[in-house]
Amino acid sequence: DTIRPISDFGEEKTRVKHQKRLYVKIPSEDDPRIRHMTLVLNMFPGREPLVLYYEDTKKRAGGHCVIDSALVCELSEVFGEESVVVK
């Protein structure tokens, strides 16, 4: 419902291409800490990509959140600093 110059679309495409992503490595899909992670992620709704990697099955799942330092800190405390990466 807004009007923008066509030139803005080229910038938006570039911005999305360089968007930060939050990666979280989780030992298994049955890990009890996933419930805590879900509750924490509900406090940080957003549009930045989230990638969950399950070590046991090598599967990936995705979602969206706001990548905030408080979120990264909390997830690092739960899963370990080596398991939470922002790229």
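To the nearest 0.5 Å, the span separating OG on Ser83 from CD on Glu55 amounts to 6.5 Å. Rounded to the nearest 0.5 Å, atoms CG (Leu50) and CG (Leu41) are 5.5 Å apart. Atoms OG and CG, on Ser76 and Leu71 in that order, are 9.0 Å from each other to the nearest 0.5 Å. Glu74 CD to Met37 CE: the interatomic distance, rounded to the nearest 0.5 Å, is 12.0 Å. Remark: Arg60 CZ to Tyr23 OH distance equals 7.0 Å, nearest 0.5 Å.
When all heavy atoms of Asp56 and Ser28 are compared, the closest pair comes out as OD2-CB, 3.1 Å. Residues Gly46 and His64 share a closest heavy-atom pair of O-CB, 3.2 Å. Here the shortest heavy-atom pairing between Ala61 and Tyr54 reads CB-CE1, 4.1 Å. Of all non-hydrogen atoms in Val24 and Phe79, the two that sit nearest each other are CG1-CD1, 4.0 Å.
Between the side chain of Arg21 and the main chain of Val51, no donor-acceptor pair closer than 3.5 Å is present. The main-chain N or O of Ile67 is found under 3.5 Å from a side-chain atom of Glu48 such that the two form a donor-acceptor pair.
The hydrophobic clustering, which links ILVMFWY residues whose side-chain heavy atoms are closer than 4.5 Å, places Val86 and Tyr53 apart.
Side-chain contact between Arg33 and Pro27 is present, with at least one heavy-atom pair separated by less than 4.5 Å.
With Leu22 as the fixed residue, the side-chain contact (heavy atoms from CB on, under 4.5 Å) test singles out one of Val66, Leu75, Val85, Asp68: Leu75.
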Stepwise, does the side chain to side chain contact (heavy atoms under 4.5 Å, CB included) test hold for Glu29 with Lys59?
CA-CA 9 Å; Glu29 292 183 66; Lys59 290 183 182 178; 3.7 Å; yes
